[in-house]
Every structure is written in C-alpha cells, then in structure tokens.
Amino acid sequence: MKDVLVIGAGPAGLTAAYELLTKGQDYRVTVFEETNQLGGISRTVEYKGNRMDMGGHRFFSKVPEVNEWWEKMLPQQGAPSKDDIALGRSVTLKAGGPDPEKGDRVMLRRNRVSRIFFNQKFFDYPISLKPETFVNMGLGTTIVVGFSYIKACFFKRKENSLEDFYINRFGKKLYSMFFERYTENLWGRHPSQIDPSWGAQRVKGLSIMAVLANAVSKIFSGKKRKVETSLIEEFSYPKLGPGQLWEVTASEIEKLGGTIIKGAKVVSLKKDGNRMTGLTYVKDGSEHEVSGDYIISSMPVKDLVGGMNGVPEDIAAIAEGLPYRDYMTVGVLVPRLNLKNKTKLKTVSDIVPDDWVYVHDRSVDMGRFQIYNNWSPYLVKDLEHTVWIGLEYFCNEGDSMWSMSDDDFARKGINEMVTMKLIDKAEDVLDFHVERVKKAYPAYFDSYSRMDELVSYLNGIGNLFCVGRNGQHRYNNIDHSMCTSFEAVKDIIGSVADHSNVWQVNTEKEYHEEKK
C-alpha cells in the first residue's frame, strides 16, 4: 500500500484524491486542508440562508472527461428550477435528470450574462459591435475608438507587457476605457508591468475583428462562429453553489476510504535528494509528521518551496518572489436594485440578468459585483423580495483594505453602491456579510518571469506533483485545475517520472485541443 499525501481540498486536490481512489490500486490517500471549509476559492459560504460564491464560477469545459466527471457528481437538471417555473422560462433539460425542486444533487443550466458598468451605462463583455454600444459611447468617442483601432492594426507593438497585448487587439482608446483601469485594480499593477502571457491565457484570439466576424456571421448565416470561451451563452452551475460540488466529492472520497483532515496547515515538507519523503502539519496547535510515497500539492507554490529543505538559493528566491492578489467580498442584502432590466431576458422581480458585472467606474474601488439571484435561485433565501449581491474587491493581505474591520469594509462597499446609484441610500441595506480569500489570484509579474526555472526544478522531483491554480501559479479555470490532477494521477499510476504533461495543461497551446 502506497501513501499519497494531497495538500489542499480545493478543486485540484479533491479531484486528484478521487481519481486515485477510483482508478488506482493499493493507494492510501490523505488530504490536508488548512481551513475548515472545502473547495478553496471555489467554496460556497452560507449566511442566514443566503449563499455566497467566492469569485463567481461558471462550469463550462471543452474537455469531455471534465464534463463526464461533473455529470457523475451532479447530474444535469431534468426539470425546471424555481425561477424557471415562476417565469415560465424555457431551459435546457436532460431527459431523466433530477428535479431541483425535489433534490439538491443537481447541476442547473443558466444563462451567461456579464457586462461592463462604465459611466452609469452597461456595455457587453466582451465588447460587441452593436448600436447600443455606439450610443452609450457617443459619436465622438466611437470615432476615436475606430481610428485608434485602425492605427493598432497597422502599427503593431512588440508585446513586452499586457498593455501591449491589449492595445494590439483593441486599440489604445478602447484599452484605456475597458481594460486599463480594471486590470490595474485587479492586480494592483499597471498593465505595462504585467507579463503578456496572462492576456494570452484569458482572451486567446479575442479581438475586435473576432467580435466583428462573429456578428457578421450571425447576420448572414444565422450560425455562431467559434469564438472565445468568454462568449459562451450558457453554462452549468451547482444548485447550491460551486462549493456543493466539492462537498459531494469529499463525501465520495471518504466513502472510498480516503481521509480528509480539515484545519491541518502544512508547514514543512521533507525531501531526500530528488524525492519527497513526507510533510509536517499543524492542527489544533500540535505538530504532526507524516511519511508519504507521493505528494500532490495544490498549496501556493511559494509556500511549497518555502517549506522544503535543500532548495538551491536561486530557486528559493524565485518562489519567494512570486506575487499574489487577495480578495475581499461583502454580501449585501437589499429589497431591490435601481438598475433597469432593458434586456429581453426575463428575471424574477425583473432585476438585471447579469451573473456578474465588471466595474470600470473610476470613482470607486469596487472591481466587480455579483448578483447571486441569477446564479441560482437557491442561493437566495427570499428570492421574490430580496436581491443578494456580492461586492468584490482586490487587495493585498495586510494592506489598508484587508485590515479594515468587517463593519468598516461593508460600509465602504455600501457607500460605493450609493455612489454608483445601485441603491438610493445606505439605510436600504437589510443585512451584510464579509469574507476574505488569501492568494486568490496568482499574479504575472516580479519573479514570475523566471517561472520556467522553478518549473524545471520542481519537475525534477519524481514523486512531487504540483496541481491547480496556486499549485502551478497559473490563472487556471476549474476545468484546467482538474485536468492537472487527471494528468498527475496518470503519472502516478503509470510510474512516469517526467511530469511535463501536468505543467502543459492550459499553456498557450490549448490543452483541450491536444486531448481531441
């Protein structure tokens, strides 16, 4: 019997544990989770009957293995959900699928709506070329945007930064309106200081020309062109939020004989030459040492390397210099929002249909806001009479925002809702709840430029597997995080020493294209 130690009970860690227990033989699997919650940044927080999604998680993948996995854990709905019934709204159903009104273990199908909020107006995300866009921008701005884009077509920049990446695809004017402020708010750095590979991962191939081509093809052929995943119009979503998927997965792991230890913070890892031998974790103030034949780590690679013995100084310096961005959110319960639903999509109480909205208003610090009612009607205790909204802010652990008391931070968010005219006055708020998430976003600057050296070193440790967003310091979606674990498990079962396949998931060469 071989011992496999899995660090982290988020999507990557739990996927790895489940895959090993179902596909391998003679493996004893133990998962160590620092917090008392499951799902990592994909967890769901419940507060007085209302549920919060940490960051917003759409479930969509081009990888068949991932879709099959989700279907196994949470089968797609076979009957309408609460809001579908109330609105008489048609929805994609699966024959024989569960009824969300009768059971919880179900995946809903939801409309994908995300827009940009700029100058008190809504713009499509990504930007679309339609009359409403030009009306909102105004004739003068539209003309400037057009000439700016033409200039970018003929005078391409060398892409040394994320700023270069965006300007080459959208022109300088549109970049300044819809990318510069939001990107700086998200990362705490100007786009000119960020590696362009972040843009390459998040908006592969997307440009004004891609959007225009899609619009033209719809007009003349009635069919949708293949464009970015950012343009997906429908997605899956667990009835009770993303955390439900990982709670179900954890339950299945334990049924299979796996062990999950919560409140267990891994503080050091033992290495003998090029092999890991075990780890030390702290729980309830006591240290515990555990030996293992394999270690699968989804903990931040900065902390992983920092806790290992025998790491060369230059490699340790790269890991130590890797930057992250932290996240704070306040759930705010209100009777209604002032925003008018001018779309053709029907919603309960006729609220705007957006899942989340990107805030580009320079008068506030807010980065995005989510409308939980639209993610799932079961996230909101009183769907008919309240709107449950999540205000999202990006910060650094220990900075002035992070250090605010919950009441002060909530007050800041609520005041910004008033500034943005989402509500009339602070007194309209019925309740609120604050959450903080450390190392939510691995950042692409500082020592990240030497990430290849760090990857090469870690890949040389035969029984160590780095998986997931923080485990690889890569801005992975859920499906990509899961795919890193699929590959890691294949290597363990096949006794493969080179783990390049694990690191190649979600590189610029599309993983799902390779899998076809």
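Source: prediction; values computed, not measured.
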Margin query: For Val4, is there any backbone N or O sitting under 3.5 Å from a side-chain donor or acceptor partner on Asp293?
Written below: no
Checklist line | Under 3.5 Å: donor-acceptor pair, side chain of Arg368, backbone of Gly55 | finding: yes
Next item on the list: Give a yes/no verdict on a cation-pi contact between Arg450 and Tyr448, requiring under 6.0 Å between NZ or CZ and the six-membered ring centre and an angle within 45° of the axis.
Entry: no
Item checked: Rounded distance [0.5 Å steps], CE in Met482 versus CG in Leu245 -> 6.5 Å
Check: Do the ring planes of His288 and Tyr281 sit parallel (below 30°), tilted (30 to 60°) or perpendicular (above 60°)?
Finding: parallel
Check: Going by an N to O cut-off under 4.0 Å, is there a salt bridge joining Glu71 and Lys94?
Finding: yes
Note to self: Under the salt bridge (Lys or Arg N to Asp or Glu O under 4.0 Å) definition, can you give me all pairs with a residue in residues 236-248, not counting sequence neighbours?
What the structure shows: Asp104-Lys239
Next item on the list: Give a yes or no on whether the ring-centroid distance for Tyr441 and Tyr324 is below 6.0 angstrom.
Entry: no
Next item on the list: Answer yes or no for Arg325 and Trp187: cation-pi contact, defined as NZ/CZ to six-membered ring centre under 6.0 Å and angle to ring axis within 45°.
Entry: no
Check: Can you say whether the rings of Trp388 and Tyr372 are parallel (under 30°), tilted (30 to 60°) or perpendicular (over 60°)?
Finding: tilted
Item checked: Test: Arg110 cationic atom under 6.0 Å from Phe235 six-membered ring centre, within 45° of axis -> no
Notebook entry, point to check: Quick one: is the NZ or CZ of Arg474 closer than 6.0 Å to the six-membered ring centre of Trp503, and within 45° of its axis?
Noted result: no
Check: Judged by modelled atom types alone, do Asn506 and Asn476 share a side-chain donor-acceptor pair under 3.5 Å?
Finding: yes
Notebook entry, point to check: Given the side-chain rings of His360 and Phe117, with only the six-membered ring counted for Trp, is the space between their centroids under 6.0 Å?
Noted result: no
Item checked: Asp406 with Arg436: basic N within carboxylate O range, under 4.0 Å -> yes
Next item on the list: State whether a side-chain donor-acceptor pair under 3.5 Å links Asp84 with Ser81.
Entry: yes
